[in-house]
Number of protein chains: 2
Amino acid sequence: MTYRDIKADILERILNGTWPPGSAVPNEQELAVEYGAARATVNRAMRELVDEGFVERKRKAGTRVRLSPVRQVRFEIPMIRKEIEEQGATYRYALIRSEVMLAPDWLRARLNLKQGTEVLHLVCMHFADGRPFQLEDRWINLAATPQGRDFDFSTVGPNEWLVQQVPFSDVEISFSATTADPEQAMLLNCRAGDALFRVERQTTWQDQVVTYVSLIYRRDHRMTTRY
Amino acid sequence: MTYRDIKADILERILNGTWPPGSAVPNEQELAVEYGAARATVNRAMRELVDEGFVERKRKAGTRVRLSPVRQVRFEIPMIRKEIEEQGATYRYALIRSEVMLAPDWLRARLNLKQGTEVLHLVCMHFADGRPFQLEDRWINLAATPQGRDFDFSTVGPNEWLVQQVPFSDVEISFSATTADPEQAMLLNCRAGDALFRVERQTTWQDQVVTYVSLIYRRDHRMTTRY
DNA sequence: GAGTGGTCTAGACCACACT
DNA sequence: GTGTGGTCTAGACCACTCT
């Protein structure tokens, strides 16, 4: 019996109703005896079942099957170039606009920036087989990443540049729907007022917001995953 | 040194550039000696770093810091009642429409159903503090879940019923934007043509699709998470 | 106080992937 | 073949939390 077998067996008993939601699961010692395994092996199986949201454990109280399984989705966030190339399409990038400016009020409030902070505002397009795929509207905090001021983003996209500057950080991401304004409609080759799919991402490093970006896709775009 | 300390220390070295992206990390034996810990303890720390996308491991080849961080998002998918109640709002549910019918062609194609399969089509509203929050447009495969035919969904929502009836092995979920048709606009109290945020979910058990549901939110709805 | 899970250890064998 | 991670074991001690 490997920990995988034990995990699968326990999960089977949960799913087929042997141990219904809310019921107690035998303790590790008992399961170890039943499966003829070490307690550490049972423990690993159970820890993964906790991770996946099937059971809850408390010291002394023991292990119980969750009433309603807390299912989690895991998304990979690929780089746009990879995403397009993995679809078998040709990737093309274009810088539309680039300007250094004082952070506008809405951005200052959102990113918690001091008054007078300069930001780099970039608007870029990402094409798949020549068709507009993603509109990237990015704001880079120059107080956190001053080297961005002089970098030439006309051939390298800001995301590819940033991941080399700030390798790992804390990210808040959100998905929503929005409507196309006239400029967005022109760039994405749709009509003003059309529904668009939007991903917003805010990246923090050491308590300082590095960048805020709004990634806008045409209405028919789907982000899909399995679990 | 606990495995948490070891993990934190290794992560620190990755973040501060001691072990830059692409570089090799010492093997488990060496790290165990360095930290004065058992190899199993180092192993647990490293396994979590793999889970979190910071390093890659291969037998024989050893452990390397990932070049481009494959960052992953984890979403919890709460039940709608909980989602609303956790916002401190009052939840209300209403069944709008319920009918048994032959699966329409687009659904048959999507769910891979045989011709002549009967499905239950439900349209439901979920309200937060009396305001439309989510429109649920659900299709239940009666070949997989025949007991749904006679259940009364006027007080219990289909999701709450389903999780008690059917275990599920595989879920495909996708996010997109769509436009309100006249009926949706009326139910969600917005205008036809408005942008809406849509979550689609298809649930499979033992190679048979159990249910397909489209969950529609008003434009201002955001799904947010951190990673 | 006592029962349960959380973690660590030292040692072992195995499976894979590279040579 | 050989080096690496993957896993298991038996035993131990600890930390939380319930009574």
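So that the names make sense, note that chain A is the first sequence line, chain B the second, and so on, each numbered from 1.
The side chain of B/R44 contributes no N or O atom lying less than 4.0 Å from OP1 or OP2 of C/dC8. In this structure, B/N43 does not reach the D/dG5 phosphate: none of its side-chain N or O atoms is under 4.0 Å from OP1 or OP2. One finds a side-chain N or O of B/R57 lying less than 4.0 angstrom from the OP1 or OP2 phosphate oxygen of D/dG6. Residue B/T63 places none of its side-chain N or O atoms closer than 4.0 Å to OP1 or OP2 of D/dT4. A close approach under 4.0 Å does not occur between any side-chain nitrogen or oxygen of B/T41 and OP1 or OP2 of C/dT7.
Each of A/A38 and A/K58 was matched to the nucleotide of DNA chain D holding its nearest heavy atom; the match closer to the 5' end belongs to A/A38. When each of A/M1 and A/R59 is assigned the nucleotide of DNA chain D with its nearest heavy atom, A/M1 is the one assigned upstream, toward the 5' end. Nearer the 5' end of DNA chain C, as judged by each residue's closest nucleotide, is the contact made by A/G62, out of A/R47 and A/G62.
Residue B/E28 contributes atom CD, which lies 15 Å from atom C1' of C/dA10 at whole-angstrom precision. Following rounding to the nearest Å, A/E30 (CD) and C/dG3 (C1') show an atom-to-atom distance of 11 Å. Nucleotide C/dG5 holds its C1' atom 16 Å from the CD atom of A/E48, rounded to whole Å. Per the geometry, CG belonging to B/D5 stands 12 Å off P belonging to C/dT7, to the nearest Å. Atoms OH (A/Y35) and C1' (D/dT7) sit 18 Å apart, rounded to a whole Å. B/K60 has its NZ atom 16 Å from the C1' atom of C/dC14, to the nearest Å. Residue B/I6 contributes atom CD1, which lies 15 Å from atom C1' of C/dG6 at whole-angstrom precision. Atom CZ of A/R64 is separated from atom C1' of D/dC18 by 13 Å (rounded to the nearest Å).
Side-chain atoms of A/T211 and A/R138 include a donor-acceptor pair closer than 3.5 Å. When only modelled atom types and interatomic distance are considered, B/Y35 and B/D5 share no side-chain donor-acceptor pair under 3.5 Å.
Counted within 6.0 Å of CZ on B/R131, heavy atoms from surrounding residues, nucleotides or ligands total 12 or fewer; the atom is thus considered open.
Scanning atom types as modelled, one donor and one acceptor separated by under 3.5 angstrom connect the side chain of A/R39 and the base of C/dG6.
A/F127 carries A/R92 over the face of its six-membered ring, with the cationic atom under 6.0 Å from the centre and within 45° of the normal.
Nucleotide C/dT19 has no partner under the Watson-Crick or G-U criteria, as no pair reaches both atom distances under 3.5 Å.
Under the 3.5 Å distance criterion, the side-chain polar atoms of B/T2 are matched with a main-chain donor or acceptor of B/R4.
When heavy atoms are screened at a 4.0 angstrom cut-off, A/A40 is found touching base atoms of the nucleic acid.
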